[in-house]
2 protein chains.
Amino acid sequence: MTSARRFFSKNKSIIAYSISLALLMFLLKWLELRFVIFDHALEVYIGAIAVIFTVLGIWLALKLTRPKVTTIVVEKQVYINPGEFVLNETAVNELGLSKRELEVLNLMAEGCSNQEIASRLFVSLSTVKTHSSNLFFKLDVKRRTQAIEKAKKICLIP
Amino acid sequence: MTSARRFFSKNKSIIAYSISLALLMFLLKWLELRFVIFDHALEVYIGAIAVIFTVLGIWLALKLTRPKVTTIVVEKQVYINPGEFVLNETAVNELGLSKRELEVLNLMAEGCSNQEIASRLFVSLSTVKTHSSNLFFKLDVKRRTQAIEKAKKICLIP
DNA sequence: ATAAAAATCATCCTAAAGTATGAGCAAAAA
DNA sequence: TTTTTGCTCATACTTTAGGATGATTTTTAT
């Protein structure tokens, strides 16, 4: 049942074409009988058929073929306003940075000295030095200024 | 001359259609003369014409339809906090920063050490130290990291 | 031409930054 | 349970940064 319905709906155009072709045949037969009296009517008749079926073919083609589509991709640049900072967690995981190291990194970027960082995190200067040393190793840099530069580039800090 | 040629090239398909139609007419006329002896040959003949011109119409339609152009706008995200960096010259004048000091500041922000800055500016380490010292005094900071932080805030560096 | 500003360099000294190594401890993962 | 990981701290040492001061040489503006 459904398959039959599906068949009709899928071949709608073809069925319509067949029916209209049949009707035209009848019409032409009728015309043939009426105008057979004229001389050279056949040539005109055939010309008419040619034109009609050409139009029909064109109509059919336009109906059946899916429209030719050429796609033009236009890149529109969307400028992201630096309003909200989102931490690049992918980078954090790839580099294996710990929570504490990120804290140290942030305070570094704020211009804190190691001693200030130690005071603000309630740890010793040694601890901060260890963290910063590990940080530089993981970020593959030699100085805190380079660490800040790189961290900003890859969105580890705002 | 050129306009005529242009006309031909532009209406190539239509001209081809006309010619093939004329040829078909001749062919059909010839067939008519040959097979007129058969009974009911006319129906077959007309059917053949119908089919041929339908095909012709389809071919014509496929040839003549111009592709539909769809424009797809792809939003490309461009992360640009620099957008375009414009130096805050007002601040530069207010703080009394010299050209050289700004150069040093920029290299500092790139993560260069004083020695690296000296090499890149073709001056001695002492000179860079003097510049940076003056810089810190003018910016009212104590460390290069603070200088970078402040300079970015007031648009002295990108 | 002359004074002011900018750029250059040096030396001495202190403070901070950074390296290397070892070790204790607690929480989480195996 | 054992191992791993992260955080902690310490000591000793080297390097870099930064301060203070003074001096010479270009530029630049008046």
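Sequence lines set the chain letters: A, B, ... in the order given, protein chains first and strands last, and positions in each chain run from 1.
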For the pair made of [atom1] in [X] and [atom2] in [N], what is the distance, rounded to whole Å?
{"X": "A:Lys129", "N": "D:dT8", "atom1": "NZ", "atom2": "P", "value": "16 Å"}
{"X": "B:Arg144", "N": "D:dG19", "atom1": "CZ", "atom2": "P", "value": "11 Å"}
{"X": "B:Leu121", "N": "C:dA6", "atom1": "CG", "atom2": "C1'", "value": "15 Å"}
{"X": "B:Lys138", "N": "C:dA7", "atom1": "NZ", "atom2": "C1'", "value": "11 Å"}
{"X": "A:Gln115", "N": "C:dA17", "atom1": "CD", "atom2": "C1'", "value": "12 Å"}
{"X": "A:Asn134", "N": "D:dC9", "atom1": "CG", "atom2": "P", "value": "14 Å"}
{"X": "B:Leu125", "N": "C:dA10", "atom1": "CG", "atom2": "C1'", "value": "11 Å"}
{"X": "B:Leu102", "N": "C:dA7", "atom1": "CG", "atom2": "C1'", "value": "14 Å"}

Using the salt bridge (charged side-chain N to carboxylate O under 4.0 Å, His left out) rule, take A:Lys142 and B:Glu116 through it: C-alpha gap first, then chi angles, then the decisive distance, then the call. CA-CA 12 Å; A:Lys142 291 192 179 298; B:Glu116 286 172 343; over 6 Å; no
Under 4.5 Å between side-chain heavy atoms, counting indirect links through other Ile/Leu/Val/Met/Phe/Trp/Tyr residues: same cluster for A:Val86 and A:Ile154 or not?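 Different clusters.
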Same apolar cluster: B:Val104 and B:Phe137, side chain cutoff 4.5 Å: no
Starting at the 5' end of DNA chain C, which residue's closest nucleotide do you reach first, A:Met108 or B:Leu97? B:Leu97
The residue, B:Phe122 or B:Gly96, whose nearest nucleotide of DNA chain C is more 5′ is B:Gly96
With a 4.0 Å cut-off on N to O distance, would you call B:Glu103 and B:Lys99 a salt bridge?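 No.
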Nearest to the side chain of B:Phe136, which nucleotide is it out of D:dG19, C:dA17, C:dG18?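 The listed nucleotide nearest to B:Phe136's side chain is D:dG19.
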Between C:dA7, D:dG19, D:dA17, spot the one nearest the side chain of B:Asn114, thanks.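 Comparing C:dA7, D:dG19, D:dA17 against the side chain of B:Asn114, the answer is D:dA17.
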Give a yes/no on whether any side-chain N or O of [X] is located under 4.0 angstrom from OP1 or OP2 of [N].
{"X": "B:Ser98", "N": "C:dA7", "answer": "yes"}
{"X": "B:His131", "N": "C:dA7", "answer": "no"}
{"X": "B:Ser113", "N": "D:dT16", "answer": "no"}
{"X": "A:Arg143", "N": "D:dT16", "answer": "no"}
{"X": "B:Arg100", "N": "C:dA7", "answer": "no"}
{"X": "A:Ser124", "N": "D:dC9", "answer": "yes"}
{"X": "A:Thr127", "N": "D:dC7", "answer": "no"}

Using atom names, set out every protein N or O paired with an N or O of nucleotides 23-30 of chain C below 3.5 Å, distance rounded to 0.1 Å.
none

From A:Arg144 CZ over to B:Ile148 CD1, what is the distance, rounded to the nearest 0.5 angstrom?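 Result: 10.0 Å between the selected atoms.
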Nearest 0.5 Å please: distance from the CG atom of A:Leu125 over to the OG1 atom of A:Thr130.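 OG1 of A:Thr130 is found 9.0 Å from CG of A:Leu125.
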Any heavy-atom pair between the side chains of B:Val123 and B:His131 that's under 4.5 Å? no
Looking only at the side chains, is there a donor atom on one of B:Ser124 and B:Thr127 sitting less than 3.5 Å from an acceptor on the other? yes
Between B:Thr145 and A:Lys99, which has a closest nucleotide on DNA chain D that is more 5'?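 Of the two residues, A:Lys99 wins.
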